[in-house]
Amino acid sequence: MAQIDVIGKNGGRKIDVELPEVNKGVLHDVVTWQLANRRRGTASTKTRAEVARTGKKMYSQKGTGNARHGDRTVPTFVGGGVAFGPKPRSYGYTLPKKVRQLGLAMALASRQEEGKLLAVDGYDLTDAKTKSFIGWASSNGLDGQEKVLLVTDNEQVRLAARNVAWVSVLPVVGVNVYDILRHDRLVIDAAALEPMNEEGAEEEASA
């Protein structure tokens with residue numbers, strides 16, 4: 001059972017969260033699945049049936065001393081079709097829901113073990129200006145030396161932080177393993193962690 005300190009206007013308490021032991025293999029599986037789903041899969045090449053070349057036989061079958069060829073659309077010629085080239089496809093595949101949930105919980109556990117998880121209850125910003133957020137961040141040990149993932153449903157806070165170069169902003173529903181792991185520190189709404197006490201980690205959003 002991990003105890004997470006809660007800061008902010010309504011902070012000053014601890015949240016008890018059941019977090020699993022970190023398994024790099026599970027994290028790798030979830031990140032690989034997530035990135036595969038993000039791939040656009042739009043690469044496309046033309047086959048010999050699709051290139052704009054004449055289908056006329058190049059020269060006589062016999063008597064020229066050259067190799068036997070039919071037309072210029074074959075892959076052996078420049079401008080011909082591509083053999084076994086890529087076509088539009090989906091790279092996505094299915095990963096069990098329990099594995100996705102476990103991966104998200106392990107990503108949170110990883111940041112908690114490193115002391116890089118910050119739970120916030122009440123940001124107490126007076127406005128949605130970048131200057132206000134930077135002031136709040138500085139007072140809580142965030143000085144721009146680390147890449148920060150800010151996960152909050154507070155629209156004012158998201159607007160205030162979105163122009164800060166070292167901060168990436170996501171709503172709670174969008175939190176995912178890949179973004180947690182590629183940032184040095186995680187700042188998240190305390191309310192997003194509290195349901196995990198009974199229900200476990202919430203399912204990771206698909207890319």
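Computed from a predicted structure; not experimentally measured. Worth knowing before you read on, the calculation uses all heavy atoms, side chains too, and leaves out hydrogens, waters and symmetry mates.
Asn176 and Gln34 are linked by a side-chain donor-acceptor pair at a separation below 3.5 angstrom, with hydrogens and angles left out of the test.
For Gln61, the CD atom counts as densely surrounded, since its 6.0 Å shell holds more than 12 non-hydrogen atoms of other residues, nucleotides or ligands. Within a 6.0 Å radius of CZ in Phe84, no more than 12 heavy atoms belonging to other residues, nucleotides or ligands are found. Taking a 6.0 Å sphere around CZ of Arg68, one finds it holds 12 or fewer heavy atoms contributed by other residues, nucleotides or ligands. The environment of CZ in Arg182 is crowded: more than 12 heavy-atom neighbours from other residues, nucleotides or ligands sit within 6.0 Å.
Contact record, Asp29 with Tyr93: O-OH, 4.0 Å, taken as the closest heavy-atom pair. Here the closest non-hydrogen pair linking Ile15 and Val17 is CG2-CG2, 3.4 Å. Across every non-hydrogen atom of Pro20 and Met106, the tightest pair is CG-CG, 3.7 Å. Of all the heavy atoms in Gln156 and Asn154, the pair that sits closest is N-OD1, 3.0 Å.
Using a 4.5 Å heavy-atom threshold, the side chains of Lys116 and Leu186 count as separate. In this structure, Leu95 and Val30 have side chains that are in contact, with non-hydrogen atoms separated by less than 4.5 Å.
Hydrophobic clustering, with ILVMFWY side chains joined whenever heavy atoms are under 4.5 angstrom apart, keeps Leu150 apart from Leu181. Transitive grouping of hydrophobic side chains (ILVMFWY, heavy atoms separated by less than 4.5 Å) keeps Val169 and Val173 in distinct clusters.
The aromatic rings of Trp136 and Tyr123 sit tilted, their planes meeting at an angle between 30° and 60°.
Distance check, rounded to the nearest 0.5 Å: NZ of Lys87 to OG1 of Thr45 gives 5.5 Å.
Proximity of a side-chain donor or acceptor of Lys57 to a complementary backbone N or O of His69 within less than 3.5 Å is detected.
A salt bridge between Arg13 and Asp121 is present, with a side-chain N of the basic residue lying under 4.0 Å from a carboxylate O of the acidic one.
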